[in-house]
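To keep things clear, I will list the structure first and then write my remarks on it.
Just so you know, ligand 1 is whichever comes first in the structure, and atom 1 is the first atom listed for that ligand.
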Amino acid sequence: MSKTAESVWNNCLAFIEDNITSQAYKTWFEPIKAVKLTDNALSIQVPSKFFYEWLEEHYVKILKVALTKELGATAKLVYIIRMENTYGNKQPFTEKIPSANRSNLQSQEIDVPLKNKSPELKNPFVIPGIRNVKIESQLNPNYNFESFLEGESNRLARSAGLAVANKPGGTSFNPLLIFGGVGLGKTHLGHAIGVDIKDKYPEKTVLYISAEKFTQQYIESVKKNNRNDFIHFYQIIDVLIVDDIQLLSGKAGTQDVFFHIFNHLHQNGKQVILTSDKAPVDMIDIEQRLLSRFKWGLSAELNHPDYDTRVAIIKNKLYRDGVEMPEDIIEFLANNIKTNIRELEGAIISLIAHSSFNKKEITIDLARKIVDNYVKHTKREVSIDYIQKVVSDYFQMDVDTLQSKTRKRHIVQARQLAMFFAKKFTKASLASIGSQIGQRDHATVLHACKTVDNLSSTDKQFRKYVEDLSKKLTL
Ligand code: ADP
Ligand code: MG
C-alpha cells in the first residue's frame, strides 16, 4: 500500500499520542492536518504561527522520531501556517517560515493556494455538488425513540442518544459508543438516533451500516480496485452509524480504512455512532489507535432491563400488536426472561402464534412450555430430560429409542453421551442419572462417562459429537 500524507501522519499521531498527555495531544496535535507528501517531506497544516513555534519549541523531538520511523532518515517536515479568515482574499494564506535551525528537521516555506472559498469544502475529496447525491440512510423507521422504552438499564445510553440526535457532531459524545449484550437494544437505539436526526435535519446525510456489511463493501472495493471511491463515499456522510463494531476485530485492512474514515469525519465535526457487544477495554484484536479513538467520546452501556422495564416492554409490544394477555402471564414472562429483550419478544410472538393456531387460550402452562422451548437455556440448570431430548434430536431418534435396551452401536453411543452430559451439566448422582436414562445402574453411567472421555480423545468424529452437543446444551 502506498503511503499518503494522511496515512503517514496518522501513524505519527498514533505514536505521539502514546507518548504525551492526552490534554497536550488534544491541544497541539488534533488541530493539525496532514496536507501532502512529496519527496519524503510531509507537509502539515497548523492554525497559526504561534502554534508552529510552540510545536518547534516543545515537540520537535517527538515529531522527528515519529516521522523518521515512518519515512526514514531523510524525512522532512514542512509546516504550512494557515491564517484564519483569509478565505477569498488574494494574500497568500501561508507565512514564510525561516528555516528552523533548532531542529534537524528542515522546515521550508510553501505556498499552496486554497482551491475554494468555502471553509466547509477544504477537503479535496469533497467535490462541490456531491452533497446533492442522495444516499439511502438504510434506517428502519420502526426503530425509533418512541418505541425504545426508557428504564434504569438504558437511561444513560438513551439520553446520550437523544443529545446526539439534537446536535449531531455538536456534543462531546463523539463518537457515541453504545455497548451491551445480545438483544439489549443496541441496534434499535442506533437506528433511533439516525431516524431522529433525519427528522430534525432532513438535509443531513445519515447512514446506518453493519460492520459486517462495511467489511464486505471494503473487500469488494479492494477487488474492484476502487478503494478510494469507497473511502470518499464514507467521508461525505454527516452521521455515520456502524453497528457491531466488534466484528472488525482481527480485520486489519478494514480497521485501517475505518480509521481513516473515522478521523476524517471526526475532524470535520461529523457524528459517529458505534455499537458493540463489548466495552472498548474488552475488545480484542482491534488496533490500539482505533480503540483510543472509540474512547474519545462517550461509551454508554445497555444493561439488562429490570423487572418493570421488562413488563413495560411486553405491554408495549402487545399493545402495538393489538393483543391482550392476562396480567399473570405477562408477569410470568417478565420473571423468566431476564437477559435478552429479543428473546422476550420472541416468546410473546410464539405464544400468540400458538394460541391462535390451536385456538387455545393463552395459559400459564402454554407460557411455560414456550419459555422452555424457545428461550436459550442460559444460566438455568439443564435438566436430564432436556439433555436426553437434545441428544436424541441430534441423532434423529426419539427419547424412547435412546432409553431402550438395544445394543445397536449408535444408540448405545447416544445413550452414553446423554449420561456423560448429565454428569457434566447437572448435580445429579450417578445412580439418579442411571435411573432417569433408561433404568440403568450407577456403574453403567460411570462406564459411559469413561467411554465418552476415551472416544473423544481417539475418535475425531466422536469428538465432533461431543463439541456439537456441548454447544447446543450451553447455548
Ligand atoms: P441488539 O442489537 O443489542 O442485539 P436489538 O436492538 O436488536 O438488540 O434489540 C432486540 C429487540 O429488543 C428489538 O426488537 C428491539 O426493538 C427490542 N428492544 C430492545 N430494547 C428495547 C427497549 N428499551 N424498548 C423496547 N424494545 C426494545
Ligand atoms: Mg444488533
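No side-chain donor from either of S210 and D243 sits under 3.5 Å from a side-chain acceptor of the other.
Residue-ligand proximity, G181 to ligand 1, at heavy-atom distances under 4.0 Å covers atoms 3 (O). Listed by number with element, the atoms of ligand 1 under 4.0 angstrom from any heavy atom of K186 are 1 (P), 2 (O), 3 (O), 4 (O), 6 (O), 8 (O). Within ligand 1, counting atoms from 1 as listed, the ones closer than 4.0 Å to a heavy atom of Y143 are 13 (C), 14 (O), 16 (O). Distances below 4.0 Å separate heavy atoms of N154 from the following atoms of ligand 1: 23 (N).
Using cut-offs of 30° and 60° on the angle between ring planes, the pair F230 and Y218 is tilted. Relative ring orientation between F262 and F258 is described as tilted, the plane-to-plane angle lying within the 30° to 60° band.
Looking only at heavy atoms of the protein, atom 8 (O) of ligand 1 is closest to G185 N, 3.0 Å. For atom 7 (O) of ligand 1, the closest non-hydrogen atom on the protein side is R342 NH2, 2.9 Å. For atom 16 (O) of ligand 1, the nearest non-hydrogen atom of the protein is H188 ND1, 2.6 Å. For atom 2 (O) of ligand 1, the closest non-hydrogen atom of the protein is T187 OG1, 2.8 Å. The protein non-hydrogen atom at the shortest distance from atom 13 (C) of ligand 1 is E345 OE1, 3.6 Å. For atom 27 (C) of ligand 1, the closest non-hydrogen atom of the protein is I341 CG2, 3.9 Å.
When non-hydrogen atoms are compared, ligand 1 lies under 4.0 Å from neither the backbone nor the side chain of E150. The proximity of I313 to ligand 1, defined as any non-hydrogen pair under 4.0 Å, is limited to the side chain.
Proximity of S147 to ligand 1 is established by a heavy-atom distance of less than 4.0 Å.
Residue G183 places at least one N or O, backbone or side chain, under 3.5 Å from an N or O of ligand 1. Taking distance alone, with nitrogen or oxygen atoms compared against 3.5 Å, L149 approaches ligand 1 more closely than that limit. Backbone and side-chain nitrogen or oxygen atoms of L184 are examined, and one is located within less than 3.5 angstrom of a nitrogen or oxygen of ligand 1.
Shortest non-hydrogen contact noted between Q436 and Q403 is O-NE2, 3.4 Å. The two atoms that bring A414 and M397 nearest to each other are CB-CE, 3.9 Å, heavy atoms only.
A cation-pi arrangement is not found for K389 relative to Y386, the charged atom failing to lie both closer than 6.0 Å to the ring centre and inside a 45° cone about the ring normal.
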S147/H188 under side-chain hydrogen bond (donor to acceptor under 3.5 Å, both in side chains): CA gap, chis, key distance, verdict: CA-CA 9 Å; S147 59; H188 187 144; 3.2 Å; yes
Show your reasoning for whether ring-ring contact (aromatic ring centres under 6.0 Å, His included) applies to H410 and F395. CA-CA 9 Å; H410 74 283; F395 290 107; 7.9 Å; no
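Within the 2.8 Å limit, T275 places no N, O or S atom next to the Mg ion (ligand 2).
Of the residues K26, R289, R293, the one that meets the salt bridge (Lys or Arg N to Asp or Glu O under 4.0 Å) test with E17 is R293.
Counting heavy atoms of neighbouring residues, nucleotides and ligands inside a 6.0 Å radius, atom NZ of K464 does not exceed 12 of them.
Between the CG atom of L274 and the CG atom of L290 there is a distance of 9.5 Å, given to the nearest 0.5 Å.
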